[in-house]
Amino acid sequence: MSKGLLLAAMIFVVTLSFSGAEAYPPPPANYQISSPYPQLQNEEQVWVSPVDSNIVIALWRDFRLGYRRVAVGRSTDAGNSWTDSLVTIRRDEFQSDPCVDVNANGRFFLCYLDFGNFGSAISVISSDDGGISFGNLTVITAPFNAFEDKQFMTVDRTGGIYDGNLYMAWMRFCGDQSCNAVYFARLQNDGFFFDTPIMIGPPPDLSACGTSTTYAGQFPQPLVGSDGSIYVFWNYYDTTDCTQYYTIHMVKSTDGGLTFTSPKKLVTTFGNFQFVDGGIDVYNMPVSVCDIFGGPYDGNIYIAYANIDTSNTDYYDYNINFIKSSDDGENWTEPIFINDDYIGPGARYDQFHPWLFCNQDGILISIFYDQRVDTLNHYEFDVFAAYSFDGGESFTTNHRITTVSSSPSEAKADEIYTAGPPWTAKPEQPLSWVAADKDDTRAGKIAEYIGVTAYYDHVNAVWTDTRNGNQDVFGANWPLPIIEPRLLSPENGSNVATAYPHFDWAAAWKTGDDQYRVEVATDIQFANIVFTEYTDSAGLVSSIYSLPDSLYYWRVKAFKLSTGDSTEYSKVWSFTVGDYVCVDSDGDGYGDPGDPGSTCLIDNCPYAYNPFQEDIDGDLIGDSCDNCINDINAYQEDSDGDYIGDSCDNCIDYPNIEQTDADMDEVGDACDNCPETYNPDQADSNGNDIGDACDFKCGDADGSGAVNILDITYLITYLYKGGEPPDPIESGDADGNGSVNLLDITYLIRYLYRGGPLPIC
């Protein structure tokens, strides 16, 4: 087959594969949970009752009164319809940082920061009637001049000796650096008061470096293991040889939270408190869950977190990293990626704000924000989901949850602030929180976390959504899907030394109810299949006979045995065997140009994943990296640096990434001397930077170029005899009062015949 025919075949088949992957499963129905107020609603959490899966409780930060409060939503039909209201049981004027959990008997707990006139506290309320009513306010108060922040809680549901205990972890900030630390407190089952808080994460000691920091860490998350042990994970500010960086730290308690181990570093992170497109702040917050359900993965501990890929020096994109421990936190795996888009040099799409849940079957469900749908600008974001059916060894092909993308530019309230209660702030705290709530960013442009929960195969998720031009709480519920398999190795475009390669992919469904068909071919149309194998487990299937040195293509299809359902085929990946080498930096099956060791087809976008190799304008620059997709511009000139090439930029010397052109004269608004008047020639006779097409002389109503008696008669004809209006109308406004009327006629008479002032329109 010629290279031209091979390329056409590759585009055809991979396009079919990609279309299938996008088509199924479709996103579930989305619905607004929060009542439609013009103020912000964000920072969501959600839990389903373990004793009645129809009852789902959500909690979020709500600004409907013009300042931060907390609202609770309740569904009695598994998340299809909702009612909501503000939480009325509170200690102080302001609430923030909401979280929710439930014990094994269906008692819901809501917690939130509670602050204002009386300082700072953490409040917890509970409900024994499925969220119909809440009461039993329990409070952890901060010392004077301290502020509690970013609390999270967990409830023991293991059935052990500590079953029903509630554990709280948070950051405490105060004037003394020694107490800027992670704290922990326990509320024993059916208790009314928390035990005295204890410090479990001291601040870093930077005295040897001649410096200090008020930042000890953030986002501590408590977790109960399957044996009742307590773990707390948080993002920590660490140092080695006085080089400061961020890590995820852990402590552990085996006595119900009375004592803890010393902090242990699990992994170094990158990109804490950085920003992605649109000014959204992102953190390395560790989101943790444990399998406590007695299955094959019982006791596994899992952590997901957003992390910058420092190898991608062009974009420094965020990915969702994942680690796990199968030995009670002693050892942790190397990070893998939950998101399945291209990762590496040139990757443009950020994934951030992950949340993680483990259902009763030990299946992991992860959701996160993702920019991949906005292929042009990587600006708008959606919610995606991924699932792990093999105890965190792999995650499935990602599944889009939102039906409409959200834009950071819409992450604002129509009304920023409205009057609230008559606060009486302390002298040292003069309404600073009220002032902060006037700020549109409000502790993160779209806040700092979202939520997901599940009852067996039924999933509920909540998130911040801007499709209505405001930050609203949206949600969705759906059954666990079986999705086309996610390929793992051989990686796309890679070379394998052995003639008997192993094929590995992510589990697409539950163990014992899944089956897979693996196909390997010498052509991308799979007309010449050299290897087909059925297996009841995901991955690690070996070739049944020796593969000669050559280029090969492979794909996998999954089957659900209990129902007879099957998925689309996976994406098609290529690999080479032996001396057939393909040097492929972006892993799309096409080789890097200029590499003497590469023997595969040359990539027209070597650092942008583009397996279709589209090149609409035929300039040998692929559409994925071409700054003028429809215009030949092999040298990619871009004088104004707005990522729009000069060949197609309607303002070459003025950045205008939106390419707006209101008058459609092919001259962009950013450089058009008549942006609302069609004038492609941009003529400007008097050199005043206003085009002749929209320039005029004051009082020259008839457009003759001179002000004389004819302009007076023109205005009389227009005003009193139905004549044509001046063009532009402003030229007839001789007195500059904003309208054309009799006064302009008298103004011109005075100017022309009585020595009056010049027209001033």
Side-chain angles (χ1 to χ4, degrees), residues 223 225-226 248 266-267 286-305 307 319-341 343 351 354-368 384-399 452 454 457 459 480-492 494 501-518 533 535-542 554 556-561 567 570-571 573 587:
L223 176 70
S226 62
I248 293 175
L266 304 185
V267 64
V287 181
S288 59
V289 295
C290 182
D291 188 336
I292 62 172
F293 300 105
Y297 310 115
D298 182 75
N300 277 5
I301 304 171
Y302 309 105
I303 295 176
Y305 57 100
N307 196 60
N319 298 286
I320 307 302
N321 286 21
F322 174 86
I323 58 175
K324 73 169 188 173
S325 173
S326 299
D327 57 3
D328 303 319
E330 288 298 316
N331 296 284
W332 294 82
T333 59
E334 290 297 314
I336 63 172
F337 299 104
I338 293 179
N339 51 296
D340 66 348
D341 61 328
I343 296 164
Q351 289 84 28
W355 206 257
L356 195 61
F357 192 81
C358 182
N359 78 356
Q360 289 89 339
D361 291 324
I363 296 167
L364 292 177
I365 303 155
S366 174
I367 65 168
F368 47 89
F384 272 72
Y387 317 94
S388 178
F389 295 98
D390 55 9
E393 288 297 308
S394 62
F395 279 84
T396 64
T397 298
N398 297 174
H399 174 206
V452 65
D457 288 358
V459 183
L480 279 176
I482 179 170
I483 310 176
E484 70 276 359
R486 175 181 178 178
L487 304 185
L488 300 177
S489 66
E491 294 182 6
N492 198 25
S494 65
H502 291 288
F503 300 93
D504 194 14
W505 59 94
W509 191 243
K510 302 175 185 178
T511 302
D513 193 27
D514 57 339
Q515 189 179 66
Y516 305 89
R517 180 166 66 224
V518 189
E533 180 71 14
T535 175
D536 292 332
S537 61
L540 295 180
V541 172
S542 299
W554 71 291
V556 181
K557 186 181 185 73
F559 300 86
K560 184 178 176 182
L561 299 178
T567 69
S570 67
K571 294 179 179 180
W573 276 10

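Scanning all heavy atoms of the two residues, the minimum distance from K557 to P485 falls at C-CG, 4.1 Å. When all heavy atoms of F322 and G392 are compared, the pair lying nearest together is CE2-O, 3.2 Å. N359 and D361 get closest at one heavy-atom pair: OD1-N, 2.9 Å. When all heavy atoms are compared, the tightest approach of F395 to I336 is CD1-CD1, 4.3 Å. The two residues S388 and E393 come nearest to each other via the heavy atoms OG-N, 4.1 Å.
Within the 3.5 Å criterion, the main-chain N or O of L480 finds no donor-acceptor partner in the side chain of D457. With T567 contributing its side chain and A558 its backbone, the two residues share a donor-acceptor pair below 3.5 Å. No donor-acceptor pair under 3.5 Å is formed between the side chain of S325 and the backbone N or O of I301. Between the side chain of T535 and the main chain of Y516, no donor-acceptor pair closer than 3.5 Å is present. S366 places no side-chain N or O within 3.5 Å of a backbone atom of A385 that could act as its donor or acceptor partner.
Expressed to the nearest 0.5 Å, how far CD of Q351 lies from CG of N307 amounts to 12.0 Å. A distance of 7.0 Å separates NZ in K560 from CD1 in I482, rounded to the nearest 0.5 Å. The OG atom of S394 sits 10.0 Å away from atom CG of L364, with the distance rounded to the nearest 0.5 Å. In this structure, I303 CD1 and I323 CD1 are separated by 4.5 Å, a value rounded to the nearest 0.5 Å. Residue N319 holds its CG atom at 6.5 Å from CG of D341, rounded to the nearest 0.5 Å. Taking CD1 of I338 as the reference point, atom OH of Y305 lies at 10.0 Å (rounded to 0.5 Å).
Under a 4.0 Å N-O distance rule, the pair K571/E484 does not qualify as a salt bridge.
Contact check for N339 versus F384: no side-chain heavy atoms found under the 4.5 Å cut-off. Contact annotation: the side chain of W573 never approaches that of S494 to less than 4.5 Å [non-hydrogen atoms, C-beta and beyond].
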Which side-chain N or O atoms in residues 287-300 pair as donor and acceptor under 3.5 Å with protein atoms at least two apart or in another chain?
residue : atom : partner : partner atom : Å
D291    : OD1  : F293    : N            : 3.0
D298    : OD1  : F293    : N            : 3.4
D298    : OD1  : G294    : N            : 2.8
D298    : OD2  : S226    : OG           : 3.4
N300    : OD1  : S326    : OG           : 3.1
N300    : ND2  : Y302    : OH           : 3.0

Donor-acceptor contacts under 3.5 Å from residues 501-509 side chains, at least two apart:
residue : atom : partner : partner atom : Å
H502    : ND1  : S542    : OG           : 2.6
W509    : NE1  : D513    : OD2          : 3.0

Stepwise, does the side-chain contact (heavy atoms from CB on, under 4.5 Å) test hold for F389 with D514? CA-CA 10 Å; F389 295 98; D514 57 339; over 6 Å; no
From CA spacing to verdict: side-chain contact (heavy atoms from CB on, under 4.5 Å), W332, V267: CA-CA 9 Å; W332 294 82; V267 64; over 6 Å; no
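Around the CD atom of Q360, the shell of radius 6.0 Å holds more than 12 heavy atoms that belong to other residues, nucleotides or ligands.
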